[in-house]
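See below for the structure under consideration.
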Amino acid sequence: MTNRTFDADGVTLEQVREHVWEIPRTGDMRVPARVLASEALLEEISDDKTLEQLQNTTHLPGIANYAICMPDGHQGYGFPVGGVGAMDVETGCISPGSVGYDINCGVRMMRTSLTYSDLQDREEELVDSLFANIPSGLGGGGIVDGDVDTVEEILARGVDWALEHGHAVEDDLLHCEDEGMREEADPSKVSQKAKDRGKNQIGSLGSGNHFLEVQRVTDVFDAAVGEAYGLEEDQIVVLIHCGSRGLGHQTCNDYLRKIEQQHRGLLDKLPDKELAAAPAGSQLAEDYYGAMNAAINFAWVNRQVIMHRVRKVFERVFDRSWEDMEMELLYDVAHNIAKKEYHEVDVGPDGTPAVGDEVVGREERELYVHRKGATRAFPAGHPEVPKAYRDVGQPVIIPGSMGAGNYVLRGGENSMELTFGSTAHGAGRLMSRTQAKNEYWGGDVQQQLRDQDQIYVKAQSGATVAEEAPGVYKDVDEVVGVSDALGIGDKVARTFPVCNIKG
DNA sequence: ATGTGC
């Protein structure tokens, strides 16, 4: 039996098995590339430069096993959004473009004890109140009006800073990756310019695909895991999607420029200068890792401060205490990060990552796991899964479009073997922002969501609504179906929007 | 994503 193939523009993928497609090594590719997708999604993925970019990433030094594109993949800056690349910490590299401009863009979900009926006929009031109290849109203005010293502390301490300043409770830290603080953060490696941009953006959503959404749980697919996550049908939850704002953007930019200047030799060997990478062990690799971890802490504080403000908004609207409404953080996931983690990789005679004929065995290696538009999805039993969820696997939160709904998954049994413990991060764009604005008119999109689905959307800019219209996204059910079928992230629950605010 | 650019 011959395997099926898929011909895209300039590249042929071979099907390894259902939902697993491989671009074999040719030329200077260090490893093969894999796309995890149904044929329909692969068709969409092959529409833009995603596959070419994915192939390019296999040229990065020290990349292990294979470069991976998730079912929601689309083109990004150098490295595809929906991409995972794991590079050896001793012999590989770290690459800002493979983390993304929005360092620690991510999602958190907060539970409540409210049900959909508690909200009905209150939607307008709630969406207005959220919009009035949660800063959004481009530019400055956050919930906390900080100075550079505040930013320094946030960069070093993450959510611990929020706890000290009344924007968090102890329990919030226990339900966040790394308890909301990367120890390896080095605020001194974040530029003054980045800190200046961050100081008036503490607690702000930003623009683009960032949003805050009140949702109702429509389905619980796995009763036991649903119970462990505290989710049941008809329950109201709140989803917050945002990142590190101008601070992270500036940090990414700063290091891209430094790498271009200081590591020209490596850059000239790469097929795309947007993949600029600092060689493992170099001063710049260490500096970027310290700065990136600091920006990660900033983004966690950003989501934390927003979430805590949402509690206060609900208190005013429903005239009950947030504790009484059981507004507890379910989990916070980062989907634009690099992290040092240990994974089993194919190694050559010198013990470093290898492929093909050079492979002599499999060993645990420490890797910079780059997840850009990809979510960590560690399975049950993994020591890095917080205690509350260790028996069932870590929660994975997958936002769909504002008209389609969202998923909660749990890290699957096969994720460590197949994807360095990762799965998708969302529905994934189908078309560019420019194209979206030609196809849709914000006001019409808003009206339709309101009339057809009782979804209340409020935005700073109509253009943003057009850019984020449901039709510009892939089918989130299809994306999640692939994750579930591969056993990298299993379906637990589905939610549907009620109120949505955005930039 | 982004005080919407290389």
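Convention: sequence-line order gives letters A, B, ...; per-chain numbering from 1.
Nucleic acid contact class of A/Gln201 (heavy atoms, under 4.0 Å, all strands): sugar-phosphate only. Using a 4.0 Å heavy-atom distance criterion, A/Lys372 is classed as making no nucleic acid contact. Across all strands, A/Gly208 comes closer than 4.0 Å only to sugar-phosphate atoms, never to a base (heavy-atom distances). Residue contacts shown for A/Ser207 are limited to sugar-phosphate atoms, with no base heavy atom under 4.0 Å away.
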Sequence neighbours left out, cut at 3.5 Å: what donor-acceptor pairs do the side chains of residues 269-280 of chain A make with other protein atoms?
residue, atom, partner, partner atom, Å
A/Asp272, OD1, A/Glu274, N, 2.9
A/Lys273, NZ, A/Glu260, OE2, 3.3
A/Glu274, OE1, A/Gly78, N, 2.7

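With DNA chain B read from its 5' end, the first of the two nearest nucleotides for A/Tyr77 and A/His249 is the one closest to A/His249. Annotation: of the two residues near DNA chain B, A/Asp102 and A/Lys437, the 5′-most nearest-nucleotide partner is A/Asp102.
Between the A/Thr57 side chain and the A/Phe79 main chain, no donor and acceptor come within less than 3.5 Å of each other. Proximity of a side-chain donor or acceptor of A/Arg371 to a complementary backbone N or O of A/Phe420 within less than 3.5 Å is detected.
Look at CD on A/Glu274: it is 8 Å from P on B/dC6, rounded to the nearest Å. Atom CG in A/Asn200 sits about 14 Å away from atom C1' in B/dT2, given to the nearest Å. In this entry the distance linking CG of A/Asn336 with C1' of B/dT2 reads 13 Å, nearest Å. Rounding to whole angstrom units, CD of residue A/Gln261 and C1' of B/dC6 are separated by 13 Å. One interatomic measurement links the two molecules: CG of A/Leu267 to P of B/dC6, which rounds to 15 Å at whole-angstrom precision. As a whole-Å value, the separation of A/Lys273 NZ from B/dG5 C1' is 11 Å. Per the geometry, CG belonging to A/Leu138 stands 11 Å off P belonging to B/dG5, to the nearest Å. The distance from atom CD of A/Glu260 to atom C1' of B/dC6 is 9 Å, rounded to the nearest whole Å.
The salt bridge (Lys or Arg N to Asp or Glu O under 4.0 Å) search around A/Asp268 returns A/Arg264, not counting sequence neighbours.
In this structure, A/Arg245 reaches the B/dT2 phosphate: one of its side-chain N or O atoms is under 4.0 Å from OP1 or OP2.
In this pair, A/His165 and A/Trp161 present their aromatic rings parallel. The plane angle is below 30°, not in the 30 to 60° band.
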